[in-house]
Amino acid sequence: MDKLEPAARSALMGRILGTDTAPEMAVRRAAHRLGYRFRLHRRSLPGRPDLVFPARKAVIFVHGCFWHRHEGCAKASTPKTRIEFWTGKFARNVERDREAQDRLEQAGWRVLVVWECGIRDRDRLESTLREFLGPAGKSRDDGTVPPSTKE
């Protein structure tokens, strides 16, 4: 049984953001701190990736473990009420995520999914970003990175 009245539950669920979430902001801050520059929520790309690195032909999705069903994560619990509704909703979310990733990869984009639970470890997150994105620095529109001016 839900501990909240339907109106209170509806109000609570209505406050859940789709963009600029705390996990997304943490990834954005980490990427920026490392020297990467990016665009946000490109509507022209499948799934509207959270961070887009056009010159690197790379995108990052920041997924909440609950909504996107992070397998094996304690945050990916299923509500005890309206199980059929939630099961269908979660299945659609996972399928939509997979389709967007497939379409991006077919178009030549590299895709990284960062899970909400993996953001706590700052060193690990930064290492993952560096490994996925390559050397930081100012990228040109043609996808190349200018040589360093340091000797």
Who else is in [X]'s hydrophobic cluster (ILVMFWY, side-chain heavy atoms under 4.5 Å, direct or via others)?
X: V94; value: none
X: L129; value: V27, L34, Y36, F38, L40, L51, F53, I60, V62, L112, V114, I119, L125, F132, L133
X: I83; value: none

Does R39, at its CZ atom, have more than 12 non-hydrogen atoms belonging to other residues, nucleotides or ligands within less than 6.0 Å? no
For C117 and C65, work out which heavy atoms get closest and say how close. N-SG, 3.5 Å
In short, P54 meets V52 closest at the heavy-atom pair CD-O, 3.2 Å
Please check this pair: side chain of R69 against backbone of S77, looking for a donor-acceptor N/O pair closer than 3.5 Å. yes
Would you say S127's side chain and D123's backbone share a donor-acceptor pair under 3.5 angstrom? no
Not counting sequence neighbours, which residues clear side-chain contact (heavy atoms from CB on, under 4.5 Å) with E105? List them please. R98, D102, V111
Tell me, which pairs form a ring pair (Phe, Tyr, Trp, His ring centres under 6.0 Å) where one or both residues lie in residues 90-130, sequence neighbours left out? H63-W115, F66-F90, H70-W115, W86-F90
Is a side-chain donor-acceptor pair under 3.5 Å present for R92 with T87? no
Distance-only donor-acceptor check, side chains D97 and H68, under 3.5 Å: yes
Any salt bridge between E24 and R28, counting N to O under 4.0 Å? yes
Which residue pairs satisfy the salt bridge (Lys or Arg N to Asp or Glu O under 4.0 Å) criterion with at least one member in residues 108-122, sequence neighbours excluded? K75-E116, R122-E126
Please report the C-alpha distance between R42 and V59 in whole Å, then the side-chain angles of each, then the deciding distance to 0.1 Å, and finally whether the side chain to side chain contact (heavy atoms under 4.5 Å, CB included) criterion is met. CA-CA 10 Å; R42 279 278 169 93; V59 300; over 6 Å; no
Point-to-point distance, once rounded to the nearest 0.5 Å, from CZ of R29 to CZ of R33: 8.0 Å
Output for pair (R43 CZ, R48 CZ), nearest 0.5 Å, gives 4.5 Å
